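Here is the structure we will look at.
The shown structure was predicted, so the numbers you read here are calculated from the model rather than taken from an experiment.
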There are 2 protein chains.
Amino acid sequence: MFSKSCKYGIKATLYIAQKSQHDERVSLKEIADAINSPIAFTAKILQILAKATIINSTKGPNGGFEIDKVQLSKISIHQIVEAIDGNRLFDGCVLGLNSCNAKEPCPMHSEFVIIRKQLSETLATSNLLDVALDLNLGLTVLKR
Amino acid sequence: MFSKSCKYGIKATLYIAQKSQHDERVSLKEIADAINSPIAFTAKILQILAKATIINSTKGPNGGFEIDKVQLSKISIHQIVEAIDGNRLFDGCVLGLNSCNAKEPCPMHSEFVIIRKQLSETLATSNLLDVALDLNLGLTVLKR
DNA sequence: TTTATTTCGGACAAAATTATCTTAATATAA
DNA sequence: TTATATTAAGATAATTTTGTCCGAAATAAA
């Protein structure tokens, strides 16, 4: 479903979100520890997310990553997926045809209209604040 | 969503299904042509499908691939996906955690319960005969 | 201003996936 | 029986994705 990069990206963003809620800026190392990911590779993904203005990065001592607290409820998982994996999951033909639409569909097209709508909506209506709250309560986890 | 191998596998099986409906056995080359796939790589995928007894293969002159006509309505796309990509799409944690379930869920777990149920059911209730009929009517296509 | 800390960016490396090539095995028909 | 057509299987190669390393840039503090 999601690439490995994207999974790391989502988990990293959620961890940053959780900490940002309490005004804590977190370092690359702390993030990689928290989500059990390779540190240097995680750095690359965080760069992508920073360029997409989903997270903020600060260099230097006490630098690290954070998300504007008031933005938490306005950022969706959909945005993260788009930034890292692009939108072929939402747009592209399930069977990989170059073009595929209602008029000239692949054999799976119609079956996937509903599934993708649900997927897209679920990801679009999710938001970092809600997810961070569950993390705080220990209802969900980011590694294991 | 699906690996490239899996997409080839689905398309190849659907093409074989369509031809098998009319008692036509098809060659590797014909399949690769019909679905616009690399021929040798397609051969590998067909081997997997043959071992999974989803398709039948015959060597020698006039050999090729076919599916028992009476089985067409009993084979689902779900079976093809399982044979090629395994069932991590249906089972595995969306965020890649080693274990993830209702008791100790990842932050996306509950959101994906519905999506995956729908995905799994859609694929499980599909069958080769129905899809082949649409292909026959020209309502759907396998390449472009 | 110098030093320490941290992310950024580019080059490089490893692993996984996708793709090809060659030979073997099998079946058909002449 | 021999030649031919076809898939099977194994080795190899190319590409993409994932992962590492190192120096540069930026920032803060001494």
Query - ring-ring contact (aromatic ring centres under 6.0 Å, His included) partners for A:Phe65, two or more places apart - result: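 For A:Phe65, no residue satisfies ring-ring contact (aromatic ring centres under 6.0 Å, His included) once neighbours in sequence are set aside.
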
Query raised in the report: Can you list the residues that meet the ring-ring contact (aromatic ring centres under 6.0 Å, His included) rule with B:His109, with sequence neighbours excluded?
Result: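 If we apply the ring-ring contact (aromatic ring centres under 6.0 Å, His included) test to B:His109, skipping adjacent residues, there are no hits.
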
Query raised in the report: Distance only, no hydrogens: is a donor on one side chain within 3.5 Å (strictly under) of an acceptor on the other, for B:Ser73 and B:Asn127?
Result: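 The answer is no; no qualifying pair exists.
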
Report task. For B:Ser76 and B:Ser126, test the side chains for any donor-to-acceptor distance below 3.5 angstrom and give the result as yes or no. Result ->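 No.
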
Query - Residue closer to the 5' end of DNA chain C, A:Pro61 versus B:Ser3 (nearest nucleotide) - result: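 By nearest-heavy-atom nucleotide position, the 5'-most residue is A:Pro61.
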
Testing the basics here: between [X] and [Y], what is the closest heavy-atom pair and its distance to 0.1 Å?
{"X": "A:Ala83", "Y": "A:Leu49", "result": "CB-CD2, 4.5 Å"}
{"X": "A:Thr42", "Y": "A:Ala32", "result": "OG1-CB, 4.4 Å"}
{"X": "B:Lys11", "Y": "B:Leu142", "result": "CD-O, 3.5 Å"}
{"X": "A:Gln21", "Y": "A:Gln18", "result": "CB-O, 3.1 Å"}

Query raised in the report: Is the distance from OP1 or OP2 of C:dC8 to the nearest side-chain N or O of A:Ser57 less than 4.0 Å?
Result: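 Looking at the OP1 and OP2 atoms of C:dC8, one of them is under 4.0 Å from a side-chain N or O of A:Ser57.
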
Roughly how many Å is it from [atom1] in [X] to [atom2] in [N], rounded to a whole number?
{"X": "B:Lys29", "N": "D:dA8", "atom1": "NZ", "atom2": "P", "answer": "17 Å"}
{"X": "A:Phe2", "N": "D:dT17", "atom1": "CZ", "atom2": "C1'", "answer": "17 Å"}
{"X": "A:Ile48", "N": "D:dT18", "atom1": "CD1", "atom2": "C1'", "answer": "12 Å"}
{"X": "B:Ile31", "N": "D:dT6", "atom1": "CD1", "atom2": "P", "answer": "12 Å"}
{"X": "B:Asn56", "N": "D:dT7", "atom1": "CG", "atom2": "P", "answer": "14 Å"}
{"X": "A:Gln47", "N": "D:dT20", "atom1": "CD", "atom2": "C1'", "answer": "14 Å"}
{"X": "B:Asn62", "N": "C:dA30", "atom1": "CG", "atom2": "C1'", "answer": "13 Å"}
{"X": "A:Leu46", "N": "C:dT6", "atom1": "CG", "atom2": "P", "answer": "15 Å"}

Who clusters with [X]? Use side-chain heavy atoms, under 4.5 angstrom, across I, L, V, M, F, W and Y, and order the result by chain and number.
{"X": "A:Val141", "answer": "B:Leu97"}
{"X": "B:Leu137", "answer": "B:Leu139"}
{"X": "A:Val113", "answer": "none"}

Pairwise N/O distances under 3.5 Å, protein to nucleotides 22-25 of chain D:
none

Near DNA chain C, under 4.0 Å by heavy atom, which residues of [range]?
{"range": "residues 83-95 of chain B", "result": "none"}
{"range": "residues 5-26 of chain A", "result": "none"}
{"range": "residues 36-45 of chain B", "result": "B:Pro38, B:Ala40, B:Phe41, B:Lys44"}

Query raised in the report: Do any pairs count as a salt bridge (charged side-chain N to carboxylate O under 4.0 Å, His left out) and have a residue in residues 91-116 of chain B, sequence neighbours left out, and if so which ones?
Result: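 As it turns out, the salt bridge (charged side-chain N to carboxylate O under 4.0 Å, His left out) pairs with a partner in residues 91-116 of chain B, which skip direct neighbours, are A:Arg144-B:Glu104.
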
**Report entry** Residues forming a salt bridge (charged side-chain N to carboxylate O under 4.0 Å, His left out) with A:Lys69, sequence neighbours excluded
**Finding:**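 By the salt bridge (charged side-chain N to carboxylate O under 4.0 Å, His left out) rule, A:Lys69 matches A:Asp23.
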
Requested in this report: Map B:Lys51 and A:Lys4 onto DNA chain D by nearest heavy atom, then report which one ends up closer to the 5' terminus.
Outcome: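 In this pair, the answer is B:Lys51.
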
Query raised in the report: Considering residues at least two apart in sequence or located in another chain, which fulfil the side chain to side chain contact (heavy atoms under 4.5 Å, CB included) criterion with A:Ala12?
Result: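 Only A:Ile31, A:Ile35, A:Leu46 meet the side chain to side chain contact (heavy atoms under 4.5 Å, CB included) criterion with A:Ala12.
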
